[in-house]
Every structure is written in C-alpha cells, then in structure tokens.
Amino acid sequence: MARVDPFAYRHQYIDRDAEGTNYGQTALADLDRDGRAEFITGRQFGTIYWYDFVAPDRWEKHVLGLDSPSDVGGAALDVDGDGWVDFVAGGAWYRNPGPPFDSPFERIVFDPELSGVHDLLIGDVDGDGRLDVITLSDRSNLRWYKIPSDPRRPWAHRDVGPAVHAGIALGDLDGDGDLDIVRTDIWFENVRGDGTEWVPHPIGPNTPPPPDWRPDFAFSATKAVVCDMNRDGRNDIVFTDAEIPGGKVWWMENVDGTGLVWRRHEIPNGDPVRRGAYHSLIVRDFDGDGDLDVFSCEMEAVRGVGTPRWFIWENVDGRGQEWREHVILDANLGGHEAVAGDVDGDGLIEICSKLWSPRPDNANGGRLHVDALHPEVDRKPRTTDCDS
C-alpha cells in the first residue's frame, strides 16, 4: 500500500537502558544471514553490541566484540571471505563465527598502533575487485589498508594525507573510474587508480566553530557523502557540520566533473533555531520520486537551543536547488551516526541511531537510548540511494 505521507515515521526504542556513554561504530548488516539487517554499535574503546529485530518493540541484544580500539569508526564486511559478515573497528577486526552466537566474535588485531579511529569506510581503493579499509582521525593520518589473503596477518597500509578529526567519503570525483577520497575541505585524487599516489585538491571550507564552542575536535569535522545530487552525471558531495552547534547542511556541485571547480549550495533549515550538531548524514531517495534527499538529526551531546529533532530535506526540484524540510521526529530524543536499512525484512527502509551521550532532560529520563524509525505505511522499496 502506498504511503499517504512518505516522510511519516514511527519511533521505537531499540534499547532504553544501554550501559555507559560514548557510543559510535554504527552499521547495519545481516550478521546471522536471516535476510534482515542487524544494528551494530560500540562503545568508544569498549564493548561492541548488535541488536536483532524481533518486533518493533523487541530487539535481542548480543555482544559482538570486546575491547574495541576504535572511537567512532566501524564498518561491516566479510573480511575472510567465508560468507559471514565480520566487523572492523580501529585496528582490529572481529570474526563472525556463525551460529549459535552465544559468545563474542574473535578479536584479531591487524594494526596494534591504530587506535581512536573516528571515520572508517570500505571501498576498493586499488581497483583489484576486493574491498579495502580507509581510516581517519586526529590521532592518526588518513590512510588505507589492503586486506591480505590471510587476514590474520598484519595489514599493510598506505598514507593518503594529514589528519583532521572527521569527514571522509569515497567516490569518483574526476570521472576516471576509480575511487578518490574526500577529507572535509579537500579531496585526494587517486592518480594511478591503485592507491599508490594521491594529489590533494581544494573543495571549500566547512563552517567555523562558534565562539562559545571551540574544542579541538570541532574544527574541520564533517560528515560527507559523494553522490550525483543534481543528476547531471557528475559526482557531487553532500556535507553536514558534525561537531558544532549551529552548523550547516550543504552540497558542493562538481561544476565541470573534474573536481577542480566547486559551487556551494546551502540546504536551508526550516526555522532559525540554533540546532545541535549534525553528526549523522544519510543521502538516499526517501520519497521514491527518483532523486536524492538528505537526512540528519541533532546530537544531544552537542546541543542546540531547543530539543533535538530528526530531519529529512526533500529535494523538491530533483536538482538540489529547492528544498523542503520535514521534521520526522520531534520527541526530545537526539541521534548520532544514524544508518539506514531494512531491519524487519519488509523491503522498506528504517533509520537506526543511538547517542554519543545523553542530555539529562531527554525523553528517556536522561538515560542513553538506541532508536529506530519505521515507515508508517507500506510503500514500494527504494533502490536509488547514495549511502556512505
């Protein structure tokens, strides 16, 4: 049945009593091969969990792994090629043993010197048809790792560029068929297509931190997604300011398709209220009209003036020039590192998130919460997407 309102969602708690604070390392992946995606999240330098959907008000919680070396960055992929999806966090990967899932996954360190990773992405950097791992934080530089044929052995890495706190994305920005890497205000050209030589090119600045919020991590910290926003056949970049109150959402148009000329387009807020940090970014066709829309939500830890909300900006003209903001959750519940996927197997796309740390006045009694937004009415599955 078609949805009357494609931007209507209902909220459900995945977990109302998660232990501690500082959760990141989010992903959606089918860990148990039941045809549905499970939600993964892990504590900074702590335990990683996965939640299996049973019903909208019931999720089974499992321990995925212990002693994560990562800060916020984590990603799911089949590291060892055995058909079961594993998890990478910082300089370690966690091997999925398959059922009965009654103990944590085996922790295998591939780089003992890599810790505190804020961004971790998966992509084929060297063009050999196999996935590689790209990492960034202000504790280490921007680099990529090639997974060896025996992934229990150390993984070799190549340096790409200097560190900032956050803001990497992958995509072909110069139209030559290989993956380049975005790092907030610059992008690195994959010159030979094999990840051995990188040349930086400017994109344009992000928003400077306001005078009343200037911790070191707030500078040069964004979320980014590479996609063709205006459907002209050239990849653009969507950004949010991830660590500051009052930040922006915008996209940079790749004017000539070579990544050397950029034009900034603001995605306006629907009201003038100073908002919390936009530490989430999902770009996909939320309303099924064939173009790309943008999702983000406000953090609780880096708060705005009002209570935190979740938003979708509708790409009204399909070209990224006219936008309409939809508030899809206004319940005094923030989010951080949200991801989207089908968790209940109905072919529709849910949005899952959690907190970095809670506000004492949030709607969950000041406790940390893990959340899901479900589409309210059935509609046809969407296949046009551009998730990071």
Side-chain angles (χ1 to χ4, degrees), residues 7-28 39-44 49 51 59 71-74 118 165-166 207 209-210 212-213 215 217-218 221-223 239-249 267 269-283 286 294-313 325-340 343 350-374 388:
F7 301 103
Y9 291 82
R10 66 183 186 275
H11 170 264
Q12 297 285 348
Y13 287 108
I14 297 174
D15 189 345
R16 300 191 65 170
D17 294 294
E19 301 87 355
T21 60
N22 297 14
Y23 278 77
Q25 305 169 60
T26 58
L28 280 168
F39 180 58
I40 303 166
T41 184
R43 291 188 66 185
Q44 179 192 46
Y49 300 96
Y51 293 88
W59 295 67
D71 179 12
V72 174
H118 189 281
H165 182 67
T207 312
D212 60 338
W213 180 258
F217 63 81
T222 61
K223 296 288 294 181
F239 287 98
T240 61
D241 289 308
E243 299 282 8
I244 62 172
K248 305 290 186 181
V249 185
I267 300 178
N269 290 345
D271 56 51
V273 175
R274 186 195 200 195
R275 296 180 178 178
Y278 290 128
H279 208 298
S280 294
L281 177 60
I282 302 168
V283 182
F286 283 97
V294 176
F295 164 89
S296 191
C297 55
E298 299 176 72
M299 287 182 68
E300 292 188 18
V302 183
R303 61 192 300 171
V305 171
T307 56
R309 293 173 291 172
W310 299 35
F311 307 92
I312 292 175
W313 290 273
E325 179 181 280
H326 299 267
V327 178
I328 62 170
L329 181 66
D330 185 3
N332 194 13
L333 299 168
H336 177 266
E337 291 290 297
V339 289
V343 301
E350 285 77 31
I351 301 170
C352 297
S353 186
K354 45 84 221 169
L355 297 183
W356 178 251
S357 60
R359 293 170 55 135
D361 63 344
N362 74 20
N364 193 39
R367 302 188 306 276
L368 194 136
H369 48 90
V370 184
D371 308 272
L373 289 188
H374 300 265
S388 59

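A pairwise comparison of heavy atoms in Val302 and Ile244 identifies CG1-C, 3.9 Å as the closest pair. Heavy atoms only, all atoms of each residue included: Ser357 and Asn22 are closest at CB-OD1, 4.3 Å. Closest approach of Ala18 and Val370 over heavy atoms only: CB-CG2, 4.3 Å. The heavy-atom pair separating Pro245 from Trp213 by the smallest distance is CD-CD1, 3.3 Å. Among all heavy-atom pairs drawn from Cys352 and Ala372, the shortest one is SG-CB, 4.1 Å. Considering all non-hydrogen atoms of both residues, Ser353 and Gly335 come closest at OG-CA, 3.4 Å.
Asn362 and Arg359 are not linked by any side-chain donor-acceptor pair at a separation below 3.5 angstrom, with hydrogens and angles left out of the test.
Side chain of Glu300 to main chain of Leu333: no donor-acceptor pair is present (N/O by atom type, distance under 3.5 Å, no hydrogens or angles). Side chain of Asp241 to backbone of Lys248: a donor-acceptor contact under 3.5 angstrom is found. Between the side chain of Arg309 and the backbone N or O of Ile328 there is no donor-acceptor pair closer than 3.5 Å. Distance alone, capped at 3.5 Å, is enough to place a donor-acceptor pair between the Asp15 side chain and the Asp17 backbone. In this structure a side-chain-to-backbone donor-acceptor pair under 3.5 Å is missing from Thr222 to Phe239.
Ring-centre distance between His279 and His165: not below the 6.0 Å cut-off.
Listed by chain and number, the residues in a ring-ring contact (aromatic ring centres under 6.0 Å, His included) with Phe39 amount to none (sequence neighbours excluded). A search for ring-ring contact (aromatic ring centres under 6.0 Å, His included) contacts involving Trp313 returns Tyr278, Phe311, not counting sequence neighbours. For Asp371, the side-chain hydrogen bond (donor to acceptor under 3.5 Å, both in side chains) partners are His11, His369, not counting sequence neighbours.
Here CD of Glu19 is found 4.0 Å from OH of Tyr49. Values are rounded to the nearest 0.5 Å.
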